[in-house]
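Heads up: the structure comes next, in structure tokens.
Owing to the predicted nature of the structure, the values given are computational and were not obtained by experimental measurement.
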Amino acid sequence: MPRDPNIPDAFDVYTLVVLRRPPGAPEMSDEELAALQARHLAYRADLARQGKVVVNGPFDERSDPSYRGMSIFACDLDEAARLSDGDPSVAAGRLAYDVMEWWVTAGSLAFPLADRAVGERRSMSDD
């Protein structure tokens, strides 16, 4: 059977972490939330300085208000989960996360601020 022309020959595969507010997140005072947010942002900035996070940021308008933000990591799923567990907002129960691989057409994204290649080039199996 011929290959489907709508399927790219190659993909770049990235590790995504989507942050979300879990049901039953603990209530905190405005001061506690501000301090926690500062620690969360500092942690994410440190991951970026280490080259573990390539890009990240919050969501604004969205169909589900529980979704808070997204990061593209320069590591595998297990390490991204381990690093996400270390986020102060995750540790405090204010955020939870989902980790997944995201396949996009090879060469369709660029990360000019990254100091090395991001993602892994793969081909779709013919199965």
Side-chain angles (χ1 to χ4, degrees):
M1 175 186 241
R3 182 168 179 83
D4 184 330
N6 296 309
I7 298 174
D9 291 332
F11 293 86
D12 290 331
V13 181
Y14 300 103
T15 300
L16 262 97
V17 172
V18 176
L19 296 171
R20 57 186 161 71
R21 176 83 35 163
E27 294 295 323
M28 297 179 148
S29 70
D30 289 346
E31 294 80 21
E32 290 171 319
L33 286 172
L36 182 60
Q37 180 69 0
R39 291 192 310 274
H40 163 73
L41 293 175
Y43 182 79
R44 291 280 164 173
D46 188 50
L47 291 178
R49 280 190 290 279
Q50 293 175 40
K52 302 290 185 179
V53 168
V54 179
V55 65
N56 66 157
F59 295 130
D60 189 10
E61 296 193 25
R62 56 210 182 269
S63 61
D64 183 339
S66 71
Y67 287 106
R68 308 304 295 168
M70 184 179 88
S71 300
I72 296 178
F73 279 72
C75 57
D76 65 22
L77 296 174
D78 291 337
E79 185 175 5
R82 182 185 62 75
L83 293 168
S84 295
D85 285 337
D87 185 310
S89 290
V90 171
R94 288 289 296 177
L95 291 176
Y97 63 88
D98 298 306
V99 181
M100 62 203 77
E101 286 186 341
W102 185 37
W103 292 50
V104 299
T105 301
S108 61
L109 290 178
F111 300 100
L113 301 179
D115 62 358
R116 60 190 160 104
V118 178
E120 178 184 332
R121 183 74 40 102
R122 294 189 200 161
S123 296
M124 183 72 71
S125 74
D126 289 330
D127 295 348

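- L47 has its side chain within reach of L83: a pair of non-hydrogen atoms, C-beta onward, lies under 4.5 Å apart.
- The side-chain hydrogen bond (donor to acceptor under 3.5 Å, both in side chains) analysis of residues 15-24, with sequence neighbours excluded, yields the pairs R20-D98.
- Each ring pair (Phe, Tyr, Trp, His ring centres under 6.0 Å) pair with one or both residues in residues 57-91, not counting sequence neighbours, would appear here, but there are none.
- Between A80 and C75, the closest heavy-atom pair is N-SG, 3.6 Å.
- Counting only residues at least two apart or on different chains, no ring pair (Phe, Tyr, Trp, His ring centres under 6.0 Å) pair has a member in residues 22-54.
- Within the structure, ring pair (Phe, Tyr, Trp, His ring centres under 6.0 Å) contacts touching residues 84-113 (residues at least two apart or in different chains) are F11-W103, Y14-F111.
- Listed by chain and residue number, D76 satisfy the side-chain contact (heavy atoms from CB on, under 4.5 Å) test with D78 (two or more places apart in sequence, or in another chain).
- Linking Ile, Leu, Val, Met, Phe, Trp and Tyr residues whenever their side-chain heavy atoms come within less than 4.5 Å leaves V99 and V54 in two separate clusters.
- Hydrophobic clustering (side-chain heavy atoms under 4.5 Å, transitive across Ile, Leu, Val, Met, Phe, Trp, Tyr) groups V104 together with M70.
- Partners of R49 under the side-chain contact (heavy atoms from CB on, under 4.5 Å) rule, at least two apart in sequence or in another chain, are A45, D46.
- Partners of T105 according to the side-chain contact (heavy atoms from CB on, under 4.5 Å) rule, which considers only residues two or more places apart in sequence or in another chain, are P8, S108.
- For S71 against N56, the heavy-atom pair with the smallest separation is OG-CB, 2.9 Å.
- Taking every heavy atom of both residues into account, A92 and L36 meet most closely at CB-CD2, 3.9 Å.
- One finds the OG atom of S84 at 10.5 Å from the CG atom of L77 (value rounded to the nearest 0.5 Å).
- Under the rule for a salt bridge (Lys or Arg N to Asp or Glu O under 4.0 Å), the partners of R121 that lie at least two apart in sequence or sit in another chain are D12.
- Judged by distance alone, the side chain of S123 and the main-chain N or O of D9 form a donor-acceptor pair under 3.5 Å.
- In this structure, D115 has no side chain to side chain donor-acceptor pair (under 3.5 Å) partners at least two apart in sequence or on a different chain.
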For residues 22-35, dump all side-chain donor-acceptor pairs below 3.5 Å to protein atoms at least two apart in sequence or in another chain.
unit_1, atom_1, unit_2, atom_2, d
S29, OG, E31, OE1, 3.4
S29, OG, E32, N, 3.1
S29, OG, E32, OE1, 3.3
E32, OE1, S29, N, 2.8

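- Side-chain contact between L16 and E101 is absent, with no heavy atoms from C-beta onward closer than 4.5 Å.
- Residue M100 comes nearest to V18 through the heavy atom pair CE-CG2, 4.0 Å, listed as atom of the first residue, atom of the second, then distance.
- Each salt bridge (charged side-chain N to carboxylate O under 4.0 Å, His left out) pair with one or both residues in residues 51-65, not counting sequence neighbours, appears once here: K52-E79.
- Residues that satisfy the salt bridge (Lys or Arg N to Asp or Glu O under 4.0 Å) test with R68, not counting sequence neighbours, are absent from this structure.
- P88 is not listed as a side-chain neighbour of R44, based on a closest heavy-atom distance of 4.5 Å or more.
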